[in-house]
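Quick note on labels: first sequence line is chain A, next is B, and so on, each numbered from 1. Any value given below was found using the heavy atoms of this structure, including those in side chains, with hydrogens, waters and symmetry copies removed.
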2 protein chains.
Amino acid sequence: MESMANPADEVLRLDRQLCFPLYAASNILTRAYRPLLDQLGLTYPQYLVLLVLWERAPRAVGEIGQQLFLDTGTLTPLLKRMEAAGLVSRQRDPEDERRVIVSLTAKGSDLREAARAIPAKMAGRMGTDPELSLCEAQTLHETVWKLIRSLNLAV
Amino acid sequence: MESMANPADEVLRLDRQLCFPLYAASNILTRAYRPLLDQLGLTYPQYLVLLVLWERAPRAVGEIGQQLFLDTGTLTPLLKRMEAAGLVSRQRDPEDERRVIVSLTAKGSDLREAARAIPAKMAGRMGTDPELSLCEAQTLHETVWKLIRSLNLAV
DNA sequence: TCAAATAATATTGTGGGCAATGTAAAATGC
DNA sequence: GCATTTTACATTGCCCACAATATTATTTGA
């Protein structure tokens, strides 16, 4: 029978970890998005890439990676799948042949219409029983961003 | 040039999303754990499984999945890798042959000693410039858990 | 009692996520 | 001007994460 024989092990209790709920919430949120995004033929990271491109396109791969905190090992194959799906096009920058410019196709651009309904639908799912107030959501948003900045500086 | 031509697109701005910072924080945290866990030969999800087992072992696969919000498609191969690494053993429950009981080996149990230092080291990384106060961390912990419960009920 | 339903885990296939490494182009510096 | 360094992206290999499906064991109920 394993248990808290040593009081020093209190720090190892799952419910004392800050990182675990963030990890779990990320997985659960991605799962919650899936039925909505399936209808658009998107995965959650692909949806994030479109959010970035809908704000400004075209963009270099590196810029997208900076916005989303993802490296090229993740983005290159992901963008290729999006290209195969006809959502974006990828071409070398003639000004600087090291860079790859990602542009929206008409299909990728048009998808924004259908995507407008998603944030409200997701918000609806968080407004049930243990209701997350608007204020709490706001504070959560700010604190998580603060955590992100803190961790990024430390590295 | 894509941009906010339609004011309805405000809801699609990346910096308006609640889910994105949670997704990014989860990735960045896992990255931050890596150098610490590498020394123990663990990945972050494997570390979580050990946290669960250090609290109480042996446990059925399903119990571990419930604690961590992971399904067997994730856990079965992960536990097999942990078994191959000599950290746990897996055996069918003779009482109910459908269940698989996961136990800690001496090696898996002993790893707890070395793991005790990890939470403090991680806390140190969050205590830099845009410092996350203890109070903020506490509130963050509670709010994320509230979000998790809310999303889990909705599904 | 035994077929149907249910439960627990395993398998398959797809798509991330990232460290380490490779490749080629541009910038730097002497 | 040319070697060195740096930058940007691609590739490889390993490990998640999960939907869909399969497999085997238990439970249920007529």
Enquirer: Could you write nucleotides 1-15 of chain D as a row of B, S and -, 5' to 3', where a protein heavy atom under 4.0 Å of any base atom gives B, of only sugar-phosphate atoms gives S, and otherwise -?
Expert: ------BSBBB---S
Enquirer: Test: salt bridge (Lys or Arg N to Asp or Glu O under 4.0 Å). Region: residues 18-36 of chain A. Which pairs qualify, not counting sequence neighbours?
Expert: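 Non-adjacent pairs meeting salt bridge (Lys or Arg N to Asp or Glu O under 4.0 Å): zero.
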Enquirer: Could you give all pairs that pass the salt bridge (Lys or Arg N to Asp or Glu O under 4.0 Å) test and reach residues 75-90 of chain A, with sequence neighbours left out?
Expert: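 Non-adjacent pairs meeting salt bridge (Lys or Arg N to Asp or Glu O under 4.0 Å): E83(A)-R90(A).
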Enquirer: To the nearest Å, give me how far apart CD (E97(B)) and P (dT26(D)) are.
Expert: 6 Å
Enquirer: Whole Å only: how far is the CD atom of E95(B) from the P atom of dT26(D)?
Expert: 10 Å
Enquirer: Using the heavy-atom set of chain B and a strict 4.0 Å cut-off, write down the first and last nucleotide of DNA chain C that makes it in, 5' to 3'.
Expert: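 That gives a stretch of dA7(C) to dA19(C).
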Enquirer: One pair to check against side-chain contact (heavy atoms from CB on, under 4.5 Å): V52(B) and V49(B). What are the steps and the verdict?
Expert: CA-CA 5 Å; V52(B) 167; V49(B) 167; 5.7 Å; no
Enquirer: Just grab all the ring-ring contact (aromatic ring centres under 6.0 Å, His included) pairs involving residues 34-53 of chain A, residues at least two apart or on different chains.
Expert: Y33(A)-Y44(A), Y33(A)-Y47(A), Y44(A)-Y23(B)
Enquirer: Quick test of your reading: applying salt bridge (Lys or Arg N to Asp or Glu O under 4.0 Å), list the pairs with at least one residue in residues 94-103 of chain A, sequence neighbours left out, ordered by first then second residue.
Expert: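 Only D93(A)-R99(A), D96(A)-R98(A) qualify under salt bridge (Lys or Arg N to Asp or Glu O under 4.0 Å).
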Enquirer: Output all residues satisfying salt bridge (Lys or Arg N to Asp or Glu O under 4.0 Å) with E113(A), sequence neighbours left out; order by chain, then residue number.
Expert: R116(A)
Enquirer: Describe, as an angle rounded to 10 degrees, how the axis at the first end of the helix from dT1(C)-dA30(D) to dC30(C)-dG1(D) is tilted relative to the axis at the last end, five pairs per end.
Expert: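 Answer rounded to 10°: the end axes differ by 10°.
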Enquirer: State which residues pass side-chain hydrogen bond (donor to acceptor under 3.5 Å, both in side chains) with T105(A); sequence neighbours excluded, sorted by chain then number.
Expert: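 T105(A): no side-chain hydrogen bond (donor to acceptor under 3.5 Å, both in side chains) contacts found.
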Enquirer: Would you please name every residue forming a side-chain contact (heavy atoms from CB on, under 4.5 Å) with T143(A), sequence neighbours left out?
Expert: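 T139(A), L132(B), E136(B), L140(B).
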Enquirer: Taking salt bridge (Lys or Arg N to Asp or Glu O under 4.0 Å) as the cut-off, I'd like each qualifying pair that reaches into residues 14-29 of chain B, sequence neighbours left out, listed once.
Expert: E10(B)-R16(B), R13(B)-D15(B)
Enquirer: If you look only at distance, which donor and acceptor atoms sit under 3.5 Å apart when one is on a side chain in residues 64-72 of chain A and the other is two or more places apart or in another chain?
Expert:
from, atom 1, to, atom 2, distance (Å)
D71(A), OD1, G73(A), N, 3.2
D71(A), OD1, T74(A), N, 3.2
D71(A), OD1, T74(A), OG1, 3.4

